[in-house]
Amino acid sequence: MAPALATSPRPKSPFQKSDNLLFDPALIPAALQDSLPAGYVVRPLSRTDNQLRSNTSFLKTLEVLTTVGTISDEAFLARFQYLKDHSDQYYTIVIEDMNVPATLAGSATSSSPSLVTPGRGKIVAAGTVLVERKFIHELGMVGHIEDIAVSADQQGKKLGLRIIETLKAIGQQVGCYKVILDCSEKNVPFYEKCGFERKGVEMGWYV
Ligand code: ACO
């Protein structure tokens, strides 16, 4: 069997495992949480991240990547539920800036001061690692990094780097023997800074 990347003990998280979160937040290393700017948190995507408060939603963040289009609440929730039903395959994370004025924050509060309530701040970055289960390499697993986005006004603060480090750590913990991605030429220096190297050639076929 292909060697899985080394695993490390499950760390603590400021988030509780919850039906609203896409996957168990304990998969996110505490060290990565600590490496973020003050007031920023990294967490799994939440069922509540479709909120349409201006400029705070997950979907708005993705617009730095490409066209997102109009997605109804119902359609968002249906897609979220699909991912949740396959939560050992889809790991979508966001970075939330909790340094928002109280008047903009959501009404939900946490009963424990050590826990953070998702959706009270502003989502500023996002990314996904999709875990592919193969037959080759004795049923090996490969992580595919997709849809990395940092809001235009938040770029250059190492949030992109932290998103990638978190997705690599998740891939490692769930047993992937490698994590790969496709990107444009202009993003190659960024991914090299994140520890990736050029391998093969990306090809595409569009319907
Ligand atoms: N060229 C050269 N170096 C870069 C670039 C670049 N385009 N972007 C970042 N870096 C460097 C930074 O200078 C930094 O280097 P340092 O550690 O020496 O200071 C390091 O990479 C980390 O940079 P971050 O601050 O973490 O980068 P940022 O938070 O701005 O995120 C990202 C980078 C994700 C590319 C962001 O600019 C973005 O969202 N762009 C628009 C959407 C996009 O292109 N997403 C990637 C699509 S590919 C995919 O999804 C697999």
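Counting starts at 1 for both ligands and their atoms, in listed order. Positions are given from 1, in the same order as the sequence printed here.
Of all the atoms in ligand 1, the ones that sit under 4.0 Å from a non-hydrogen atom of L159 are 26 (O), 29 (O). Taking a cut-off of under 4.0 Å to the non-hydrogen atoms of L161, the atoms of ligand 1 that pass are 26 (O). Here is the list of ligand 1 atoms found below 4.0 Å of a heavy atom in A149: 39 (O). If you number the atoms of ligand 1 from 1 as listed, the ones under 4.0 Å from a heavy atom of K157 come out as 25 (O).
Looking only at protein heavy atoms, the nearest one to atom 30 (O) of ligand 1 is G156 N, 2.9 Å. The single protein non-hydrogen atom nearest to atom 50 (O) of ligand 1 is I148 N, 3.0 Å, given as residue, atom name and distance. When only non-hydrogen protein atoms are considered, atom 12 (C) of ligand 1 lies nearest to K193 NZ, 4.9 Å. The shortest contact between atom 38 (C) of ligand 1 and any protein heavy atom is with Q155 NE2, 3.4 Å. Scanning all protein heavy atoms for the shortest distance to atom 5 (C) of ligand 1 gives F190 CB, 3.9 Å. For atom 29 (O) of ligand 1, the closest non-hydrogen atom on the protein side is G160 N, 2.9 Å. Closest protein heavy atom to atom 48 (S) of ligand 1: Y191 OH, 3.3 Å.
Polar contact check, D147 against ligand 1: a nitrogen or oxygen pair lies under 3.5 Å apart. Not a single N or O atom of P189, backbone or side chain, sits closer than 3.5 Å to an N or O atom of ligand 1. Below 3.5 Å of separation, one finds no N or O of E146 facing any N or O of ligand 1.
At distances below 3.5 Å, not a single donor-acceptor pair connects side-chain atoms of E146 with backbone N or O atoms of L130. Counting only distance, with no hydrogens or angles, the side chain of S151 and the backbone of T61 share no donor-acceptor pair below 3.5 Å.
When the options N187, L65, V150, I95 are ranked by their closest heavy atom to atom 39 (O) of ligand 1, first place goes to V150. Evaluated by nearest non-hydrogen atom to atom 7 (N) of ligand 1, the leading choice among H144, K186, K158 is K186.
Donor-acceptor pairing under 3.5 Å is recorded for the side chains of Q154 and K157. Remark: the R133 side chain and the Q89 side chain contain no N/O donor-acceptor pair separated by less than 3.5 Å.
Inside a 4.0 Å radius of atom 27 (O) of ligand 1 there is at least one protein heavy atom.
A salt bridge between R43 and E96 is present, with a side-chain N of the basic residue lying under 4.0 Å from a carboxylate O of the acidic one. Between K158 and E165, none of the side-chain N atoms (NZ, or NE/NH1/NH2) sits under 4.0 Å from a carboxylate O, so this pair counts as no salt bridge.
Here the CG atom belonging to L139 is positioned 11.5 Å from the NZ atom belonging to K134, to the nearest 0.5 angstrom. Atom CE of M98 sits about 12.5 Å away from atom CG of L36, to the nearest 0.5 Å. Distance CG/L83 to CG/L22: 5.5 Å, rounded to 0.5 Å. Taking CD of Q172 as the start and CG of L167 as the end, the distance is 12.5 Å to the nearest 0.5 Å.
Using a 4.0 Å cutoff on heavy atoms, D182 counts as a contact of ligand 1.
Using bins of under 30°, 30° to 60° and over 60° for the plane-to-plane angle, the ring pair F76/F80 lands in the parallel bin.
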